[in-house]
Student: 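Sharing a structure, written as structure tokens. Questions coming.
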Amino acid sequence: MIEKTYQPADIEARMAAAWEAEGAFKAGRPERRDAEPFTIMIPPPNVTGSLHIGHALNNTLQDVLCRFERMRGRDVLWQPGMDHAGIATQMVVERQLMERKEPGRREMGREKFLERVWQWKAESGGLIINQLKRLGASCDWDRERFTMDEGLSRAVVKVFVELHAQGLIYKDKRLVNWDPKLLTAISDLEVQQIEVKGSLWHLRYPLQGVTFDPANPATYIVVATTRPETMLGDSAVAVNPEDDRYRHLVGKKVVLPLVGRLIPIVADDYSDMEKGSGAVKITPAHDFNDFEVGRRHNLPQINILDIEGKVALADNEDYLRDLPVGTDDLVNELHGMDRFAARKVIVQRMEDFGFLEKIEPHTSMVPHGDRSGVVIEPYLTDQWYVDAQTLARPAIAAVRSGATTFVPKNWEKTYFEWMENIQPWCISRQLWWGHQIPAWYGPDGKVFVAETEEEAVGKALGYYVEKDMITPEQGAEMARDPAARADFITRDEDVLDTWFSSALWPFTTLGWPDDATDVARYYPTNVLVTGFDIIFFWVARMMMMGLHFMKDVPFPTIYIHALVRDEKGAKMSKSKGNVIDPLNLIDTYGADALRFTLAAMAAQGRDIKLATSRVEGYRNFATKLWNACRFAEMNGCALPAKFDHTHAKETLNRWIAHETVAATREVTEALEAYRFNDAAGAIYRFVWNVYCDWYLELAKPVMMGADSPAKAETQAMVAWARDEILKLLHPFMPFITEELWAVTAARPGLLTLEDWPLAKTVMSAERLQMMAMAASGDPLIAPLPLLVPTDAEGFSDPAAEAEIGWVVELITAIRSLRAEMNITPATLTPLVLIGASDDIKARAQRWSDVMKRLARLGDISFADRAPDGAVQLLVRGEVAALPLKGVIDVAAERARLTKEIAKADGDIKRVDAKLTNEKFVANAPDEIVEEEKTKRADAVARRAKLDEAMERLKGAE
RNA sequence: GGGCGCGUAGCUCAGCGGGAGAGCACCUCGUUGACAUCGAGGGGGUCACAGGUUCGAUCCCUGUCGCGCCCA
């Protein structure tokens, strides 16, 4: 028994429980052991995350595919899990400690702190998993993995060690993006360039050997900079070798103001003659470009900042080397000062001494940390790097060859662009929450990388015994007792970039390296569904790691979906306050409505601007379906065993079978091509505009009438089409369809495990062509399986379509006319069919009941010519007349006819323009020319009938 | 500066070589045997602009203007 009103919240909870109880989403269900697998890896959400609208879209699309393929009989594995999100999680826990006024991370110590993070995870992490369940995500939840769980951690270590052994991971001292707030290095991708309005300071650097005179430009060189405070670390001034203004100065030296250091003027292409003064200060330790210039000219790298971005001059050997005496004042004043405070002081001092030429307003891109939001400092440190360039090569080739394709294809360009210019990937982070790097150092700084501490220690001790740095006895002691070696061998403190472990997600979640069974069955996965914002962070790296360790791409297809924006197209963000909370939408409209909205709006290659009115509209759609099912139930519609829709006798029933099969094909083909919006649109139109608007309406007279074979068949067909609808709609609206499935009949199983109506793809033109080629013996094509639709799947009935189509169009035309003529619904108008053949007469008799009801007609009769004063309609070549003498406004009808005639004339004129054009007839394809001729004939016939109608109208006056 | 994409009905968007479409909004009408979370009907667009290719351009090409996003 179907409830009177549709209440999503209640249904959703019950259906989720039903799926859970059945274990419906488990991969490797016994009855599917021989089925072809279908695998999707969820993009693991952050453990700190909560469901935002982007997740809702991403997971809806994955779920649509998973449910679709599950119904098509595949052994579906949708692998769920979460990412430990190094920085984000550590920040959350540190904030919590602060709020609770507990000791901070450093006070607490590493071990204690990590315990607290795990405790936090147990208590409040992973909120998002339950939110995904509310959305209806059909993941195999028992297989949930976490990037920091034991198995995945082991895999991470193994990968690190192997890549290190292969020389693809190495340690290097170079400039990194340093976050002075989080006190860690971050990768290029975690840096956001933000346009900042600032200044360009023009500074005078006095030439060596002449007396500095602000009034005499010959005594100095002007450099322009956006970061005056870094001048403390300058080790050269660069000018362009082509620049005539400075050519004579190359090789000379300047005295660094305030500091007193002598630094050279070098010639380098990097200096842009158009920019600033054409001369640029070079600070190799604090700027990526300057670093390269410094390398080319062998300049010293003078780091003048500490890890927090404060000026560090005291005891700074690099800074103090070769400095003249008497600069202690500066050291004392600036030491320990924040970089931005120091900037002010330095500019002031420069001005005091006449070294400041001018300040120009200047807008430039300034790097910011995407997590901390502070200005990133290029900083010289030792870090671990992945040789991304080497790993990228096969990953590029795989996309070039088509082993992996992007949908939509244009993202391949973005992928290639980045991969071909890829930089070393900095993977070490100065954090605690994450996979600690499996590297140990001896007292001389030598690195020992191994999967376990025992192994690393063993290697190290062996090495130092060999080198006579310790005795074999000392070595044995240290091997036995960790305390004894504590000061001798120490482990690298750093952890790995979070994306390092997520790069391995497609195979580590399957049990690699411990267990190969699932890897063999489910790798490579079938498709990756993700947003373009993580193509670099994640997709590219999975490609690299998958190819390197599995020797195969992780997925043959990458479906890139849009970003969800607010109604106005702005990116949603907390600070803008324009965030649409999907959970609110679920509460208000139901998960099914939200899912359908997202799928319907997921047109390829477009951003989604989400309007809640759309969600509301699709909630109404769910209600519509609900009521249609109630209607069927009230009329005793049930599907008899062994019902065959292709053997229906009633035209109406043959028609809905025809339409259902067509809709099935449309939905199936759209889903196969990842055209989610087309699939959603097709099922929407079919349910509402075909099944509800016409089929049920046309079926009413039969169903309300006395029992008969026709009634029985109709009841069966109503139920059959309803069931087909529930199946087709299930991937999009799983909850309501599962509920309706359960309450409309005694079912042997859950809808979610039911067979999809169309097991095999019905052939497209291309496929037919390929089949023809295969038949002709093309060896490349021949091995393709020949997919042939069964009779039921290929069912079509043009005759039924012609009949019902005519009825539908006739009713529509009459309704339209009545509305235009302002005829009240209470007035029943007679209908006269003019010159009707026996066929048409029979049709009219068959449908007289519904026509009378739906078009508000009185008698239906036949005549050879229309009565005077009748309004005439032309539907599919048949003339219908409504004798409305005295009822209608003749002037209005004349106006209507005049408009129609003008339209027909317009059509004739346009077609004639083409047909009299010799070039058109000569060049256009025959079928187009034929089409145009038919169009002309139709228009001419229509015109003639309209003329007649106009004549008749005269008699009405 | 380089790349990608977008300008189609009031709004959100499909369509992408042969007669301009949907949903929402709007207007009119409706207690018709599931559904007012509904039904019936209707108005509304030089498909940004300018050239070119073509028998034919909203669709392909070039340019201009406007708007996003990504990378320097």
Side-chain angles (χ1 to χ4, degrees), chain A residues 2 4-6 188-189 192-193 288-289 365 408 410-414 416-418 421 532-533 535-536 562-563 565 567-571 589-590 593 597 600-635 637 675 677-678 680-681 684-685 688-689 692-693 696-697 700-701 703-704 718 811-826 852-856 903 906-907 910-911 913-925 927-929 931-932 935-936 938-939:
Chain A
I2 304 177
K4 175 105 168 73
T5 53
Y6 161 56
D188 297 343
L189 290 174
Q192 287 178 327
Q193 301 292 338
F288 287 98
N289 290 311
M365 300 302 276
N410 50 318
W411 290 108
E412 287 179 8
K413 192 149 190 165
T414 309
F416 288 137
E417 193 60 35
W418 189 67
N421 296 294
F532 58 80
D533 48 333
I535 290 180
F536 305 145
L563 218 62
R565 300 172 181 282
E567 261 169 292
K568 295 185 193 84
K571 206 166 168 172
Y589 303 108
T597 308
M601 296 189 80
Q604 289 177 6
R606 283 260 202 176
D607 286 346
I608 296 176
K609 290 182 209 162
L610 187 67
T612 49
S613 62
R614 291 297 292 263
V615 188
E616 187 180 347
Y618 291 121
R619 189 274 318 270
N620 295 352
F621 173 59
T623 306
K624 184 79 182 175
L625 174 72
W626 185 266
N627 285 308
C629 290
R630 278 182 66 221
F631 173 77
E633 184 182 63
M634 288 171 184
N635 285 283
C637 298
R675 294 196 322 265
N677 58 320
D678 286 343
Y684 180 93
R685 282 191 303 275
W688 203 314
N689 304 121
C692 291
D693 284 353
L696 293 184
E697 288 303 327
K700 274 175 184 174
M703 291 208 292
M704 307 291 175
V718 166
I811 292 171
T812 305
I814 296 170
R815 280 171 167 173
S816 176
L817 182 101
R818 290 177 58 105
E820 274 179 64
M821 296 294 124
N822 276 324
I823 300 169
T824 65
K852 283 175 182 171
R853 191 168 62 85
L854 298 178
R856 309 296 296 157
K903 216 170 133 193
D907 284 354
R910 192 177 50 247
V911 175
K914 282 191 182 180
L915 288 174
T916 56
N917 181 342
E918 284 170 32
K919 286 180 181 171
F920 171 73
V921 181
N923 292 318
E927 62 267 27
I928 297 293
V929 177
E931 222 173 89
E932 293 294 325
K935 264 186 223 164
R936 184 174 196 286
D938 287 351

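These numbers come from the heavy atoms of this one structure, side chains and all, not from hydrogens, waters or symmetry mates. In what follows, chains are A, B, ... by sequence order, proteins preceding strands, each numbered from 1.
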Student: Would you say B:rG39 has OP1 or OP2 under 4.0 Å from some side-chain N or O of A:Trp688?
Tutor: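 Yes.
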
Student: Just call it for A:Arg614: base, sugar-phosphate, or nothing, with non-hydrogen atoms closer than 4.0 Å on any strand.
Tutor: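 Counting heavy atoms under 4.0 Å across all strands, the contact made by A:Arg614 includes a base.
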
Student: When you compare B:rU58 with B:rC49, how far apart are their C1' atoms, in angstrom units rounded to a whole number?
Tutor: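 It works out to 14 Å between them.
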
Student: Rounding to an integer number of angstrom, what distance separates B:rG15 and B:rA48 when you compare their P atoms?
Tutor: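 After rounding to an integer number of Å, I get 15 Å for this pair.
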
Student: Looking at A:Lys700 and A:Glu697, does any basic side-chain N land under 4.0 Å from a carboxylate oxygen?
Tutor: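 Looking at A:Lys700 and A:Glu697, the cut-off is met.
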
Student: Restricting both atoms to N or O, compile the protein contacts to nucleotides 42-46 of chain B shorter than 3.5 Å, with distance only.
Tutor:
{"residue": "B:rG42", "atom": "OP1", "partner": "A:Ser816", "partner atom": "OG", "Å": "2.9"}

Student: Whom does B:rG45 pair with, Watson-Crick or G-U wobble, provided both distances fall under 3.5 Å?
Tutor: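 B:rG45 is paired with nothing.
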
Student: For the C1' atoms, the ones on B:rU37 and on B:rG42, what distance do you get once it is rounded to whole angstrom?
Tutor: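 Rounded to whole Å, the distance is 23 Å.
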
Student: Please give the distance between the P atoms of B:rC55 and B:rC47 as a whole number of Å.
Tutor: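 Here B:rC55 and B:rC47 have their P atoms 23 Å from each other.
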
Student: Using both distances under 3.5 Å as the test, list the Watson-Crick or G-U wobble partner of B:rG19, or none.
Tutor: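 Check on B:rG19: unpaired, no WC or wobble geometry under 3.5 Å.
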
Student: Taking the nucleotide of RNA chain B with the closest heavy atom to each, which residue, A:Phe536 or A:Tyr618, is nearer the 5' end?
Tutor: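 Result: A:Tyr618.
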
Student: Would you mind classifying the nucleic acid contact of A:Thr812 as base, sugar-phosphate or nothing, using non-hydrogen atoms under 4.0 angstrom?
Tutor: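 Sugar-phosphate only.
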
Student: Tabulated below should be each protein N or O lying under 3.5 Å from an N or O of nucleotides 26-34 of chain B; please produce it.
Tutor:
{"residue": "B:rU32", "atom": "O2", "partner": "A:Arg856", "partner atom": "NH1", "Å": "3.4"}
{"residue": "B:rG33", "atom": "N7", "partner": "A:Arg853", "partner atom": "NH1", "Å": "3.4"}
{"residue": "B:rG33", "atom": "O6", "partner": "A:Arg853", "partner atom": "NE", "Å": "2.9"}
{"residue": "B:rA34", "atom": "O2'", "partner": "A:Arg630", "partner atom": "NH1", "Å": "3.2"}
{"residue": "B:rA34", "atom": "N7", "partner": "A:Lys700", "partner atom": "NZ", "Å": "3.3"}
{"residue": "B:rA34", "atom": "N6", "partner": "A:Glu697", "partner atom": "OE2", "Å": "3.1"}
{"residue": "B:rA34", "atom": "N3", "partner": "A:Asn627", "partner atom": "O", "Å": "3.3"}
{"residue": "B:rA34", "atom": "N3", "partner": "A:Ala628", "partner atom": "N", "Å": "3.4"}

Student: Please determine, for the side chain of A:Ala819, which listed nucleotide (B:rU37, B:rU12, B:rG41) has the closest atom?
Tutor: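 Within the option list, the nearest is B:rG41.
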
Student: Please report the distance separating the C1' of B:rC29 from the corresponding atom of B:rC67, rounded so that it comes out in whole Å.
Tutor: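 Their C1' atoms lie roughly 42 Å apart.
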
Student: When you get a sec, tell me which of B:rC69, B:rC55, B:rA14 is the closest nucleotide to the side chain of A:Phe532?
Tutor: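 Of the options given, the side chain of A:Phe532 lies nearest B:rC69.
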
Student: Whether A:Lys935 contacts B:rG19 is assessed here as follows: a side-chain N or O lying under 4.0 Å from the phosphate OP1 or OP2. Is that the case?
Tutor: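 Yes, because at least one side-chain N or O of A:Lys935 sits under 4.0 Å from OP1 or OP2 of B:rG19.
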
Student: Can you find a side chain N or O atom of A:Asn923 that sits less than 4.0 Å from OP1 or OP2 on B:rC55?
Tutor: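 Yes, such a contact exists.
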
Student: Using a cut-off of 4.0 Å on non-hydrogen atoms, how would the nucleic acid contact of A:Glu932 be classed: base, sugar-phosphate, or nothing?
Tutor: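 Sugar-phosphate contact only - A:Glu932 comes under 4.0 Å of backbone atoms but never of a base.
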
Student: Give none if B:rC38 has no partner; otherwise give the nucleotide forming a Watson-Crick or G-U wobble pair with it, both distances under 3.5 Å.
Tutor: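 When the pairing criteria are applied, B:rG30 turns out to be the nucleotide that pairs with B:rC38.
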
Student: Hey, would you say the A:Tyr684 and A:Tyr618 ring centroids sit under 6.0 Å apart?
Tutor: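 They qualify: ring centres under 6.0 Å apart.
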
Student: Scan every strand shown for a Watson-Crick or G-U wobble partner of B:rG5, both distances under 3.5 Å, and answer none if you come up empty.
Tutor: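 Paired with B:rG5, as far as the under-3.5 Å criterion goes, is B:rC67.
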
Student: Measuring only the P atom in each nucleotide, how far is B:rC16 from B:rG56? A whole number of Å is fine.
Tutor: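 22 Å, rounded to whole Å.
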
